[in-house]
Amino acid sequence: MKQKNLKVAIVYNEPHPELYKIPSKKQETTDFEPYFEVEKITPMEEYDLMAERLSKAGFSAYSLNIKDNIFSFIEDYTKNKPDVVFNFIEIYKDKPYLEMNVVSLYELLGVAYTGAPPMALANCQNKQLAKRILASEGILTPSFTFFDKLQKEYKHNLKYPLIVKPAFEDASVGIENSAIVNDGKSLKKRIEFVFAHFKQPALCEEYIDGRELNVAVLGDVTPVALPISEIDFSQMPDHLYNIVSYQAKWDPFHEAYHKTIPVCPAKLPKRVETHAKEIAVKAFRIMGVRDYARVDMRLSKNNKLYVLEVNPNPDLTEDAGFMRSSKAAGYSYVKTLSKIILFAHKRAKRSKSFN
């Protein structure tokens, strides 16, 4: 089947689209110099625009917001029978861990879909397990410990400073300036915060001071690392740690959002660049992700590369990190989306030929 004949359903989940409001001019006032413009488009409009641009490129594309109702997807799939589902569902009923269950439904229905399969999503979301899997294959990650219950004292053999993370979140949820601790008292306070606010265990790992690299990987059978993007922390004020916090990613009115500036391609020694790409592709394969992913790393002061996370199905908006690397590789926004769709379609055809 040629590209122009493919029907593509862009499926996402925004239960309360009415809550999205375009920021007013008054809201844009800050006590620091903004670097980026405040986003003027809602997620719903973003997906509609994606469908429009894919349709202009020859696909028959439409967007579907399931609004926390999986039966609306089943109804649409039965009626419209899309050839490929472009899967953008990251959370269901306010529970990130149900992301894998939605994809499991695709598997049961025999749906051709983009991105990571259920087990890869589950393993990447479980930060402790992901680190153990990567380490078992010789990939360096920051030393860590894991606390699954509250204690009077938290004993460990790690070197301060530490960063304390909710064990099962993604998209930098729970990662903020106060997540970095320098002593036992602040460690205890932060662990208790994680338990109270996120209702889950805490992962504590050594904070690696150094450069932050994002290595995008594109492909299915033969994944390839794209030009590396670096987060430039040179403008970060002294009162904020050099981390890509939740605020740095998602809050356009927070100073960190405007002080974590992407540079792509990153200026790296050739040896370091080559090694980082090799690690990223290896991590991509080990964790079982597909089509597209982003491997976040730290390059320490002594030039050691530590994998922080493997992010399946990362943000694909046009100005996001993955698309920045893809553009540097010579692919347009629509070309990148097209490649991902065709990976899924060809994979489904291979699967049918084996059965």
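This structure is a prediction, so every number in the text was calculated from the model and none was measured.
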TODO: Ignoring hydrogens and angles, tell me if any N or O in the side chain of Asn65 forms a donor-acceptor pair with the backbone of Val11 under 3.5 Å.
DONE: no

Task: Any donor-acceptor pair under 3.5 Å from Asp220 side chain to Ala344 backbone - done: no

- [ ] For the pair Glu205 and Lys165, find out whether any cationic side-chain nitrogen is under 4.0 Å from an anionic carboxylate oxygen.
- [x] yes

Task: Close aromatic pair by centroid cut-off 6.0 Å: Phe73 and Phe71 - done: no

Task: N/O donor-acceptor pair under 3.5 Å between Asn13 side chain and Ile66 backbone - done: no

Open item on the list: Tell me whether His197 contacts the main-chain N or O of Phe193 through its side chain, where contact means a donor paired with an acceptor under 3.5 Å.
Closed with: yes

Task: Charged N-O contact under 4.0 Å between Asp68 and Lys93 - done: no

Task: Main-chain N/O of Pro142 paired to Lys131 side chain as donor or acceptor, under 3.5 Å - done: yes

TODO: Output yes when Asp232 and Lys259 qualify as a salt bridge under the 4.0 Å nitrogen-oxygen rule, no when they do not.
DONE: no

Task: side chain to side chain contact (heavy atoms under 4.5 Å, CB included) evaluation trace for Leu316 with Ile340 - done: CA-CA 11 Å; Leu316 285 182; Ile340 293 169; 3.9 Å; yes

TODO: Kindly compute the distance separating CD1 (Ile228) from NZ (Lys267), expressed to the nearest 0.5 Å.
DONE: 15.0 Å

Task: Nearest-0.5 Å distance, CG of residue Leu49 to CG of residue Leu54 - done: 9.5 Å

Task: Salt-bridge present (Glu75, Lys79; N to O < 4.0 Å) - done: no

TODO: Kindly work out whether a path of hydrophobic side-chain contacts (I/L/V/M/F/W/Y, heavy atoms less than 4.5 Å apart) joins Ile133 to Ile279.
DONE: yes

Task: Donor-acceptor contact below 3.5 Å, side chain Gln200 vs main chain Phe198 - done: yes

Task: Side-chain (Ser172) to main-chain (Ile175) donor-acceptor, under 3.5 angstrom - done: no

Open item on the list: Strictly distance-based, threshold 3.5 Å: is any side-chain N or O of Thr274 a donor or acceptor partner for the main-chain N or O of Arg271?
Closed with: no

TODO: Compare every heavy atom of Pro312 with every heavy atom of Ala293, then report the nearest pair and how far apart it is.
DONE: CB-CA, 4.3 Å

- [ ] Flag this pair as yes if the NZ/CZ of Lys339 is under 6.0 angstrom from the six-membered ring centre of Tyr331 and inside a 45 degree cone about the axis; otherwise no.
- [x] yes

- [ ] Say whether, by atom type as modelled, one donor and one acceptor occur between the side chain of Glu169 and the main chain of Pro166 under 3.5 angstrom.
- [x] no

Task: Ring-ring centroid check Phe147 Tyr154, cutoff 6.0 Å - done: yes

TODO: Go through the steps for Glu212 and Arg298 under the test salt bridge (Lys or Arg N to Asp or Glu O under 4.0 Å), then give the verdict.
DONE: CA-CA 5 Å; Glu212 177 116 355; Arg298 278 274 166 146; 2.8 Å; yes

Task: Side-chain ion pair, Glu176 and Arg190, N-O less than 4.0 Å - done: yes

Open item on the list: To the closest 0.5 Å, what do you measure between CG (Leu226) and CZ (Phe322)?
Closed with: 5.5 Å

Task: Salt-bridge criterion met for Glu278 and Lys282 (N-O under 4.0 Å) - done: no

Open item on the list: Can you tell me which residue among Arg53, Glu318, Met323 is in a side-chain contact (heavy atoms from CB on, under 4.5 Å) with Leu337?
Closed with: Met323

Task: Interatomic distance, Ser325 atom OG to Tyr292 atom OH [nearest 0.5 angstrom] - done: 14.5 Å

Task: Salt-bridge contact Arg211-Glu230 (side-chain N to carboxylate O under 4.0 Å) - done: yes

Open item on the list: With side chain to side chain contact (heavy atoms under 4.5 Å, CB included) as the criterion, how do Ser60 and Leu6 come out once you've worked through the C-alpha distance, each side chain's angles and the decisive distance to 0.1 Å?
Closed with: CA-CA 6 Å; Ser60 175; Leu6 286 180; over 6 Å; no

Task: Residue pair Asp315, Arg294: steps toward the salt bridge (Lys or Arg N to Asp or Glu O under 4.0 Å) verdict - done: CA-CA 9 Å; Asp315 188 359; Arg294 193 188 70 245; over 6 Å; no

Task: The single option from Val310, Leu140, Leu129, Val295 passing side-chain contact (heavy atoms from CB on, under 4.5 Å) against Leu134 - done: Val310

